[in-house]
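Start at 1 and go down the list; that is how both ligands and their atoms are numbered. No hydrogens, no waters, no symmetry mates; every other heavy atom, side chains included, goes into these values.
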Amino acid sequence: MKIPLITEIQRFSLQDGPGIRTTIFLKGCPLRCPWCHNPETQDTRREMFYYENRCVGCGRCVAVCSTGASTLVDTGGKSPTLVVNRDKCDRCLRCAAVCLTEARGISGQAMTVDEILREALSDKPFYKNSGGGVTLSGGDPLMYPEFVLELARRLHDEGVHLAMETSCFPKHWETMEPLVEHTDLFIVDLKCLNAKRHEEVVGWPLQPILRNLNNLFERNATVRIHIPVIPGFNDSEEDFRDYAEFLAGYADRLNGVDILNYHSYGEGEYAALGRMETYKFAGVAENPAEVVLPLVKALKDKGIPGITVGGLVGITCNR
Ligand code: SF4
Ligand code: SF4
């Protein structure tokens, strides 16, 4: 069984499904959306954050770094400057353990199903009173189908509502099928409906995603769609028309559609992970709110139910 690392357990979330939810972020995603706002969830391995603006140059991390990845360099200022060379870093993360200013951080914590369950069940009274539950997010939880299935079964045994945020990427439907019985809500991120552009930009074929989505509907799963509206990628009139026409075929079975306008909240995380070169949206202006209105109208004209508009791409999607 492939075991995920967990990047965060977010309590009292109101954005990842109905009611008050505990959202568990699993680390690892096979897609590479260039606008991704949660870059720490892309790589399956543990990673080290370094927030330069919090560093006071104390040198505590240098003392524990055995690879020479952290060094203090005299740059002629009042105090030496810390230089982090990630090519030398072996991800031991000893630096994060000794840093007092939180200039260093760790992304990725190993947790068993039992440990996650214990955390999630401690919030059970909130689920009961609000109609909430647990949401598995990422990254993409379907990177770890056996682990997630075990967790889903155990949560269902406890009577907890389970939502799953996914891009529906698996190339084999059999990977997803067992989860249908134990998942109350699939929140599917649909990045665009142009197969060529999808594969070129996101790095993953669209065909298995559409097949899996169709299979979810065929099996009467409850499905909400997330549409991240991304400048220059899927925000043309033609894209909006494609979404409306495609989703019209499922209008009577859809739980709803959440439109998520692009934001650039993730930029600081790319810098802290030393991966600015992979953030292709650096400096791209956020879409004005009204840019999504033609999409709302196109969906409404086709009778699509439950449309909401938000602005939090990357907080609730597989970026
Ligand atoms: S321990 Fe933290 S504050 Fe001190 S030099 Fe290292 S990163 Fe900077
Ligand atoms: S995580 Fe990297 S920078 Fe930090 S102590 Fe280990 S090798 Fe050095």
Side-chain angles (χ1 to χ4, degrees), residues 1-11 23-113 115-116 119 136-141 143-144 147 203 263-283 314-315 318-319:
M1 185 195 293
K2 266 171 69 186
I3 312 284
L5 296 175
I6 306 301
T7 60
E8 188 182 0
I9 294 183
Q10 192 175 75
R11 303 203 127 95
T23 304
I24 297 155
F25 292 86
L26 284 69
K27 193 161 166 35
C29 179
L31 278 59
R32 283 290 174 272
C33 304
W35 59 85
C36 177
H37 291 190
N38 281 350
E40 73 278 12
T41 64
Q42 293 175 333
D43 195 320
T44 55
R45 299 168 297 171
R46 286 205 313 172
E47 291 178 278
M48 182 262 291
F49 285 116
Y50 170 49
Y51 296 99
E52 200 177 332
N53 60 343
R54 296 181 194 164
C55 176
V56 295
C58 68
R60 286 171 65 91
C61 56
V62 177
V64 297
C65 183
S66 58
T67 65
S70 296
T71 48
L72 283 174
V73 176
D74 189 351
T75 51
K78 277 190 193 151
S79 52
T81 303
L82 181 72
V83 174
V84 177
N85 181 346
R86 288 178 183 269
D87 291 339
K88 292 185 178 174
C89 174
D90 67 1
R91 303 179 189 226
C92 72
L93 300 174
R94 282 194 288 264
C95 51
V98 298
C99 180
L100 299 177
T101 65
E102 297 190 356
R104 304 285 188 127
I106 301 172
S107 172
Q109 184 189 350
M111 291 182 80
T112 64
V113 168
E115 286 168 335
I116 295 174
E119 290 277 329
L136 300 182
S137 185
D140 199 311
M143 289 279 283
Y144 308 94
F147 184 94
H263 275 287
S264 55
Y265 295 164
E267 190 159 341
E269 305 303 294
Y270 283 91
L273 290 166
R275 283 205 258 123
M276 265 317 275
E277 77 286 355
T278 67
Y279 186 43
K280 306 296 184 209
F281 274 66
I315 292 179
N318 308 281
R319 326 26 128 126

A.B. asks: Measuring from the heavy atoms of Leu82, does anything fall under 4.0 Å of ligand 1?
C.D. replies: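 Yes; Leu82 lies near enough to ligand 1 that a heavy-atom distance drops under 4.0 Å.
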A.B. asks: Only heavy atoms of Asp90, strictly under 4.0 Å: list the atoms of ligand 2 that pass.
C.D. replies: 6 (Fe), 7 (S)
A.B. asks: Under 30°, 30 to 60°, or over 60°: which ring-plane class applies to Trp35 and Phe281, parallel, tilted or perpendicular?
C.D. replies: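 Perpendicular.
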A.B. asks: Which residue supplies the protein heavy atom nearest to atom 2 (Fe) of ligand 1, what is that atom called, and how far is it?
C.D. replies: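 Checked against all protein heavy atoms, atom 2 (Fe) of ligand 1 sits closest to Cys99 SG, 2.4 Å.
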A.B. asks: Just need the protein heavy atom nearest to atom 6 (Fe) of ligand 2, so name the residue and atom and give the distance.
C.D. replies: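 Here the closest protein heavy atom is Cys92 SG, 2.3 Å.
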A.B. asks: Please say whether more than 12 non-hydrogen atoms of neighbouring residues, nucleotides or ligands are located less than 6.0 Å from CD in Glu102.
C.D. replies: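 Result for CD/Glu102: open.
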A.B. asks: Between Gly59, Cys55, Cys65, which one has a non-hydrogen atom sitting closest to atom 8 (Fe) of ligand 1?
C.D. replies: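 It is Cys55 that holds the nearest heavy atom.
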A.B. asks: Decide whether Glu40 and Tyr270 meet the rule of one side-chain donor and one side-chain acceptor closer than 3.5 Å.
C.D. replies: no
A.B. asks: Between Thr101 and Arg54 (side chain of the first, backbone of the second, donor and acceptor by atom type, cut-off under 3.5 Å), is there such a pair?
C.D. replies: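 Here the side-chain-to-backbone pair exists.
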A.B. asks: I'd like to know if the side chain of Lys27 reaches the main chain of Arg46, judged simply by a donor and an acceptor atom lying under 3.5 Å from each other, with no hydrogens or angles considered.
C.D. replies: no
A.B. asks: Enumerate the atoms of ligand 1 whose separation from the nearest heavy atom of Cys61 is less than 4.0 angstrom.
C.D. replies: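 Once the distances to Cys61 are compared, the set is 1 (S), 5 (S), 6 (Fe), 7 (S).
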A.B. asks: Would you give the length of the straight line joining atom OG of Ser70 to atom CZ of Arg104, rounded to the nearest 0.5 angstrom?
C.D. replies: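 Reported to 0.5 Å precision, the distance equals 3.5 Å.
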A.B. asks: Nearest heavy-atom pair of Lys88 and Thr67: which atoms, and what distance?
C.D. replies: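 Shortest heavy-atom contact: O-OG1, 3.0 Å.
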A.B. asks: Return the residue, atom name and 0.1 Å-rounded distance of the protein heavy atom closest to atom 3 (S) of ligand 2.
C.D. replies: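 For atom 3 (S) of ligand 2, the nearest protein heavy atom comes out as Ser70 OG, 3.3 Å.
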A.B. asks: Which of the numbered atoms in ligand 1 are under 4.0 angstrom from any heavy atom belonging to Val56?
C.D. replies: 3 (S), 8 (Fe)
A.B. asks: Pull out every atom of ligand 1 sitting under 4.0 Å from any heavy atom of Arg60, numbered as shown with elements.
C.D. replies: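 Listed by number with element: 1 (S).
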A.B. asks: At what distance is the nearest protein heavy atom to atom 4 (Fe) of ligand 2, and which residue and atom is it?
C.D. replies: Cys95 SG, 2.4 Å
A.B. asks: Would you call Arg104 a ligand 2 contact, heavy-atom distance under 4.0 Å?
C.D. replies: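 A heavy atom of Arg104 does come that close to ligand 2.
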A.B. asks: To the nearest 0.1 Å, how far is atom 1 (S) of ligand 2 from its closest protein heavy atom, and which atom is that?
C.D. replies: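 Result: Leu93 N, 3.1 Å.
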A.B. asks: Hey, which of Ser66, Cys99, Cys61 is the one that makes side chain to side chain contact (heavy atoms under 4.5 Å, CB included) with Arg94?
C.D. replies: Ser66
A.B. asks: Are any non-hydrogen side-chain atoms of Glu267 and Met276 less than 4.5 angstrom apart?
C.D. replies: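 Glu267 vs Met276: side chains touch.
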A.B. asks: Tell me the contacting part of Thr101 for ligand 1: side chain, backbone, both, or neither, using a 4.0 Å heavy-atom threshold, strictly below.
C.D. replies: side chain
A.B. asks: Tell me whether atom 2 (Fe) of ligand 2 has Cys89 as a neighbour, meaning an N, O or S atom of it below 2.8 Å.
C.D. replies: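 A backbone or side-chain N, O or S atom of Cys89 is under 2.8 Å from atom 2 (Fe) of ligand 2.
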